[in-house]
Visitor: 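Let me begin by handing over the structure; questions about it come next.
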Amino acid sequence: MKALVLFSGGVDSTTCLGMAVEKYGREQVTALSVFYGQKHKKEIEAAEKIAAYYKVEHLQLDLERIFRYSDCSLLSHSEQEIPKEDYASQIADAAGKPVSTYVPFRNGLFLASAASIALSKGCEVIYYGAHRDDAAGAAYPDCSSAFYQAMNQAVLEGSGGQARIEAPFIEWTKAEIVRKGLELNVPYEMTWSCYLGEEKPCGVCGTCRDRRAAFEKNGVEDPIDKKGLGI
C-alpha cells in the first residue's frame, strides 16, 4: 500500500509523516505540501528539509489564486494582523465563528487536491493531521471529526473506493501527538509552526503557544528552544 501525506512542515503533519514511513516504508510514501498564499514560506522550507531527512518523494502544489478573495490574517495580501492571543481568547472573541486565521475551506481544497494526486500516484490512503484542539469551539471547522468523516466519504465515493482519508489524530490533543512523535523520534527540531515567519518563532501567536504547551505537557523542552530559536 502507498500513502500520500498532506505535509506542512509543522508538528502535526511531520508526526503523520513519521507514522506513515514507519508503517509503509519511505519508498511507499509521498509528501504533498501546499502553498496557499501565506505570509511566509518558512513552513514550506521546513517541509523540504524534513522530506529530505525521511528520503520520501516530496510534491508541491500552489493554490494561492483560489484564496485571493479571502481577507484571512494568514494570507500575504491581507492587512489584518495575526492575533497574539491564545486560542481560548480568540475563540471567545469569535463568538462561535471561526478564528481570523481560518483560511476558508482550506482543508477541503487540500484534501480534494490530494485525492486527485493520490489516485494519479497510486496511493490508497491520504494522511491528514487534524486534531481535537484545532476543532475546539469551531475555531477551525475543517479540522472537526464530522468534517473528516464527510470528506472521507466523499473521497471514497468519488474515487470508486480506490482512496480514503486517514486522520489518526482526529480525537487526539496536540500533547498526545507530540508524545507519539517522541516515541517515533520525529525530528521536531526541523519543524516550523509560527504564523509570522520571522527569523525566530514569535512565541505568542496561537500556534506557537499550543506547540510549547504540548511539549511542556510531555515534560520535555521544545527542540526549537534547544536550538536557540525559541523565545
Visitor: Any salt bridge between Asp142 and Arg106, counting N to O under 4.0 Å?
Guide: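 Result for this pair is no, no salt bridge flagged.
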Visitor: Find the distance between OG1 (Thr207) and NZ (Lys174) and round it off to the nearest 0.5 Å.
Guide: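 Separation between the atoms: 5.0 Å.
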Visitor: Report the C-alpha separation of His131 and Glu176 in whole Å, then their side-chain angles, then the decisive distance to 0.1 Å, and conclude whether the side chain to side chain contact (heavy atoms under 4.5 Å, CB included) test is met.
Guide: CA-CA 10 Å; His131 59 86; Glu176 290 171 324; over 6 Å; no
Visitor: Between the side chains of Ser8 and Ser13, is a donor N or O closer than 3.5 angstrom to an acceptor N or O?
Guide: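 Yes, because at least one side-chain N or O of Ser8 sits under 3.5 Å from a partner of the opposite role on Ser13.
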Visitor: Mind listing the closest non-hydrogen atom pair of Ile44 and Ser33 along with its distance?
Guide: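 Answer, listing the atom of Ile44 first, then Ser33: CD1-CB, 4.1 Å.
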Visitor: Excluding sequence neighbours, so at least two apart, what forms side chain to side chain donor-acceptor pair (under 3.5 Å) with Gln149?
Guide: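 In terms of side chain to side chain donor-acceptor pair (under 3.5 Å), with neighbours along the sequence ignored, Gln149 is linked to Ser145.
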Visitor: Please tell me whether Tyr87 and Val103 are part of a single hydrophobic cluster in this structure, the criterion being side-chain heavy atoms less than 4.5 Å apart.
Guide: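 Tyr87 clusters together with Val103.
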Visitor: Is Gln162 reaching over with its side chain to a backbone N or O of Ser159, donor-acceptor style, under 3.5 angstrom?
Guide: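 Checking the backbone N and O of Ser159 against the side chain of Gln162, a donor-acceptor pair under 3.5 Å is found.
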Visitor: How long is the straight-line distance from OG1 of Thr191 back to CD of Glu43, given to the nearest 0.5 Å?
Guide: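 Atom-to-atom, Glu43:CD and Thr191:OG1 are 11.0 Å apart.
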Visitor: So, for Ser73 and Gln80, which heavy atoms are closest and what is the spacing to 0.1 Å?
Guide: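 Taking every non-hydrogen atom into account, CB-CB, 3.8 Å.
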Visitor: For the pair Phe105 and Phe147, name the ring-plane relationship: parallel under 30°, tilted 30 to 60°, perpendicular over 60°.
Guide: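 The arrangement is perpendicular - the two ring planes meet at more than 60°.
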Visitor: Could you pull out all donor-acceptor pairs under 3.5 Å where a side-chain atom in residues 114-123 meets a protein atom, sequence neighbours excluded?
Guide:
residue: Ser120; atom: OG; partner: Ser116; partner atom: O; Å: 3.0
residue: Lys121; atom: NZ; partner: Glu57; partner atom: OE1; Å: 3.3
residue: Lys121; atom: NZ; partner: Glu57; partner atom: OE2; Å: 2.7

Visitor: To check you understand the geometry: which heavy-atom pair defines the closest contact between Gly9 and Thr14, and what is its length?
Guide: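 Of all heavy-atom pairs spanning Gly9 and Thr14, the closest is C-OG1, 3.7 Å.
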Visitor: Do Leu32 and Val125 share a hydrophobic cluster (ILVMFWY, side-chain heavy atoms under 4.5 Å, transitive)?
Guide: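 No.
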Visitor: Is the CD atom of Glu81 crowded by more than 12 outside heavy atoms at less than 6.0 Å?
Guide: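 At most 12 heavy atoms, drawn from other residues, nucleotides or ligands, come within 6.0 Å of this atom.
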Visitor: Do the non-hydrogen side-chain atoms of Ile177 and Met19 ever get within less than 4.5 Å of each other?
Guide: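 The answer is no, as the side chains (C-beta and beyond) never meet within the 4.5 Å cut-off.
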Visitor: What's the shortest heavy-atom distance between Ala136 and Ile91, and which atoms?
Guide: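 That would be O-CD1, 3.3 Å.
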Visitor: Is there a side-chain contact between Ser113 and Leu61 in this structure, where contact means two heavy atoms from C-beta onward sitting under 4.5 Å apart?
Guide: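 Yes, close enough: below the 4.5 Å cut-off.
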Visitor: Is there a continuous path of hydrophobic side-chain contacts, each under 4.5 Å between heavy atoms, that joins Leu74 to Trp192?
Guide: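 No: no chain of side-chain contacts under 4.5 Å links Leu74 to Trp192.
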Visitor: Any ion pair linking Arg164 and Glu166 (charged N to carboxylate O, less than 4.0 Å)?
Guide: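 A salt bridge links Glu166 with Arg164.
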Visitor: How long is the span from the CZ atom in Arg26 to the OH atom in Tyr53, to the nearest 0.5 Å?
Guide: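 Arg26 atom CZ to Tyr53 atom OH measures 12.5 Å (nearest 0.5 Å).
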Visitor: Taking a hydrophobic cluster as the set of Ile, Leu, Val, Met, Phe, Trp and Tyr residues connected by side-chain heavy atoms closer than 4.5 Å, whether directly or through intermediates, do Ile170 and Leu17 fall within one such cluster?
Guide: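 In one cluster: no.
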Visitor: Taking the side chain as everything from C-beta on, heavy atoms only, tell me whether Pro168 gets closer than 4.5 Å to Tyr127.
Guide: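 SC-SC contact between Pro168 and Tyr127 confirmed.
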Visitor: When you compare the side chains of Asp12 and Thr15, does any donor N or O come within less than 3.5 Å of an acceptor on the partner?
Guide: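 No, no side-chain donor-acceptor contact under 3.5 Å.
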Visitor: Working to the nearest 0.5 angstrom, can you tell me the gap between Cys208 SG and Lys200 NZ?
Guide: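 If I round to the nearest 0.5 Å, the distance is 13.0 Å.
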Visitor: Show your working on side chain to side chain contact (heavy atoms under 4.5 Å, CB included) between Val155 and Leu111 and close with a plain yes or no.
Guide: CA-CA 9 Å; Val155 168; Leu111 288 167; 5.6 Å; no
Visitor: For atom NZ of Lys2, is the number of surrounding heavy atoms from other residues, nucleotides or ligands below 6.0 Å larger than 12?
Guide: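 Result for NZ/Lys2: enclosed.
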Visitor: Report the residues that fulfil side chain to side chain contact (heavy atoms under 4.5 Å, CB included) with His77, sequence neighbours left out, ordered by chain and then residue number.
Guide: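 So His77 forms a side chain to side chain contact (heavy atoms under 4.5 Å, CB included) with Leu75.
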Visitor: Going by side-chain contact (heavy atoms from CB on, under 4.5 Å), Ile165 matches just one of Leu6, Leu4, Leu156, Asn152. Which one?
Guide: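 Considering Leu6, Leu4, Leu156, Asn152, a side-chain contact (heavy atoms from CB on, under 4.5 Å) with Ile165 is found only for Asn152.
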Visitor: Decide yes or no on side chain to side chain contact (heavy atoms under 4.5 Å, CB included) for Cys72 and Ser78, but give the supporting numbers first.
Guide: CA-CA 6 Å; Cys72 168; Ser78 174; 6.0 Å; no
Visitor: Using the rule side-chain contact (heavy atoms from CB on, under 4.5 Å), only one of Tyr128, Tyr140, Tyr102 pairs with Asn107; which is it?
Guide: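 Of Tyr128, Tyr140, Tyr102, side-chain contact (heavy atoms from CB on, under 4.5 Å) with Asn107 is met by Tyr128 alone.
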Visitor: Is the Tyr36 ring parallel, tilted or perpendicular to the Phe110 ring (thresholds 30°, 60°)?
Guide: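 Geometry flag for Phe110 against Tyr36: tilted rings.
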Visitor: Tell me, do Pro187 and Tyr54 make a side-chain contact under 4.5 Å, heavy atoms counted?
Guide: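 Yes; the side chains approach each other to less than 4.5 Å.
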Visitor: Can Thr173 and Asp133 be counted as having a side-chain donor-acceptor contact under 3.5 angstrom?
Guide: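 Asp133 and Thr173 do not have a side-chain donor-acceptor pair below 3.5 Å.
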Visitor: Measure across Arg68 and Arg65 and return the closest heavy-atom pair with its distance rounded to 0.1 Å.
Guide: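 Where Arg68 meets Arg65 most closely, the heavy atoms are CG-O, 3.1 Å.
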Visitor: Are any of the side-chain heavy atoms of Phe35 and Glu64 separated by less than 4.5 Å?
Guide: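 When only atoms from C-beta onward are counted, Glu64 and Phe35 do touch, with a gap below 4.5 Å.
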Visitor: Could you give me the CA-CA distance, side-chain angles and deciding distance for Lys39 and Ile82, then say whether side chain to side chain contact (heavy atoms under 4.5 Å, CB included) is met?
Guide: CA-CA 10 Å; Lys39 287 181 175 175; Ile82 293 172; 4.2 Å; yes
Visitor: Starting at OG1 of Thr101, measure out to CD of Gln90 and round the result to the nearest 0.5 Å.
Guide: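 Reported to 0.5 Å precision, the distance equals 5.5 Å.
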Visitor: With rounding to the nearest 0.5 Å, note down the distance linking NE2 in His58 to NZ in Lys49.
Guide: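 The distance works out to 13.0 Å.
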Visitor: Examine Phe7 and Val34 and state if one hydrophobic cluster contains both, with Ile, Leu, Val, Met, Phe, Trp and Tyr joined whenever side-chain heavy atoms are less than 4.5 Å apart.
Guide: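 No.
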Visitor: Counting only N and O atoms by type, is there a donor-acceptor contact under 3.5 Å from the side chain of Arg209 to the main-chain atoms of Val204?
Guide: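 Looks like yes, one N/O pair under 3.5 Å.
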Visitor: Would you call Pro223 and Phe215 a side-chain contact if the rule is heavy atoms closer than 4.5 Å?
Guide: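 A side-chain contact under 4.5 Å exists here.
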Visitor: Which heavy atom of His40 sits nearest to which heavy atom of Cys194, and what is that distance?
Guide: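 Heavy atoms of His40 and Cys194 come nearest at NE2-O, 3.2 Å.
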Visitor: Quick one: are Pro83 and Ser100 in side-chain contact, heavy atoms under 4.5 Å?
Guide: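 A side-chain contact exists here, since the closest heavy-atom pair is under 4.5 Å.
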